[in-house]
Amino acid sequence: MELPRLVVGAILVDRLDRPSRVLAARRTAPPALAGRWELPGGKVEPGERPEDALHRELAEELGVEVRLGAELLPDDGGTWPLTPGLVLRAWWCELTTGEPQAGVAHDALCWTTAADVADLAWLDPDRPLVARIAAALAARRTAAEGRLGP
């Protein structure tokens, strides 16, 4: 039995210390997935560290450099299932260089908030991860509002 191939994803936020928005990317291919939203990232090459693959993919896909934060793990502490043969690891990250630009793999980019992140037509396997991202963004917003109260 073959091990699943690892995919890395960026939970690219406006600020790691107080995130309020996350970047979504709309796929152009394959036709069955075109028009659906995902986190930017891609496949890890043989012998490549996942973190290095994420930096490479973001430079290739979006033309940016990022600072990685914590990895967002599923409840079992492993990886996020995608499709048969593919699993995902995702890290919080923020821009250090460049402005994200849609490239060949995506036809649109969208900064979205906790309130509207679930409204995008996400790829089905990404929905559990997106729910966790939305909850984390909402919790950060609620905590910030509590500190700013009377």
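In what follows, residues are counted from 1 in the order of the sequence shown.
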In short, side chain to side chain donor-acceptor pair (under 3.5 Å) pairs touching residues 77-88 with sequence neighbours left out are none

If every non-hydrogen atom of [X] is compared with every non-hydrogen atom of [Y], which pair is closest and at what distance?
X    : Y    : result
W111 : L12  : CZ3-O, 3.4 Å
P74  : G78  : CD-O, 3.6 Å
L123 : E38  : CD1-OE1, 3.6 Å
L137 : A114 : CB-CB, 3.6 Å
L88  : V8   : CD1-C, 3.6 Å
A34  : T28  : CB-O, 3.4 Å

Should [X] and [Y] be regarded as members of a common hydrophobic cluster, given that ILVMFWY residues are connected when their side-chain heavy atoms come within less than 4.5 Å of each other, either directly or indirectly?
X    : Y    : value
W37  : L72  : yes
V64  : V13  : no
L23  : V66  : yes
V7   : L62  : no
L120 : L109 : no

Rounded to the nearest 0.5 angstrom, the CZ-CZ distance for R26 and R36 is 12.5 Å

Separation between SG (C110) and CG (D116), nearest 0.5 Å, reads 7.0 Å

Acceptor/donor pairs from residues 40-55 side chains to any protein atom, 3.5 angstrom cut, sequence neighbours excluded:
residue	atom	partner	partner atom	Å
E48	OE1	E45	N	2.9
E48	OE1	R56	NH2	2.9
E48	OE2	R56	NE	2.8

Between the side chain of R132 and the main-chain N/O of L73, is any donor-acceptor distance below 3.5 Å? yes

Q. Backbone N or O of V117 within a donor-acceptor pair of the W122 side chain at under 3.5 Å?
A. yes

Before you tell me yes or no, could you show the steps for L82 and V87 under side-chain contact (heavy atoms from CB on, under 4.5 Å), namely the whole-Å CA-CA distance, both residues' side-chain angles and the distance that decides it to 0.1 Å?
CA-CA 5 Å; L82 292 177; V87 295; 5.8 Å; no

Please tabulate, for the side chains in residues 90-97, all donor-acceptor contacts under 3.5 angstrom to protein atoms that are two or more places apart in sequence or on a different chain.
residue	atom	partner	partner atom	Å
E94	OE1	L16	N	3.0
E94	OE2	R67	NE	3.3
E94	OE2	R67	NH2	2.4
T96	OG1	E65	O	3.2

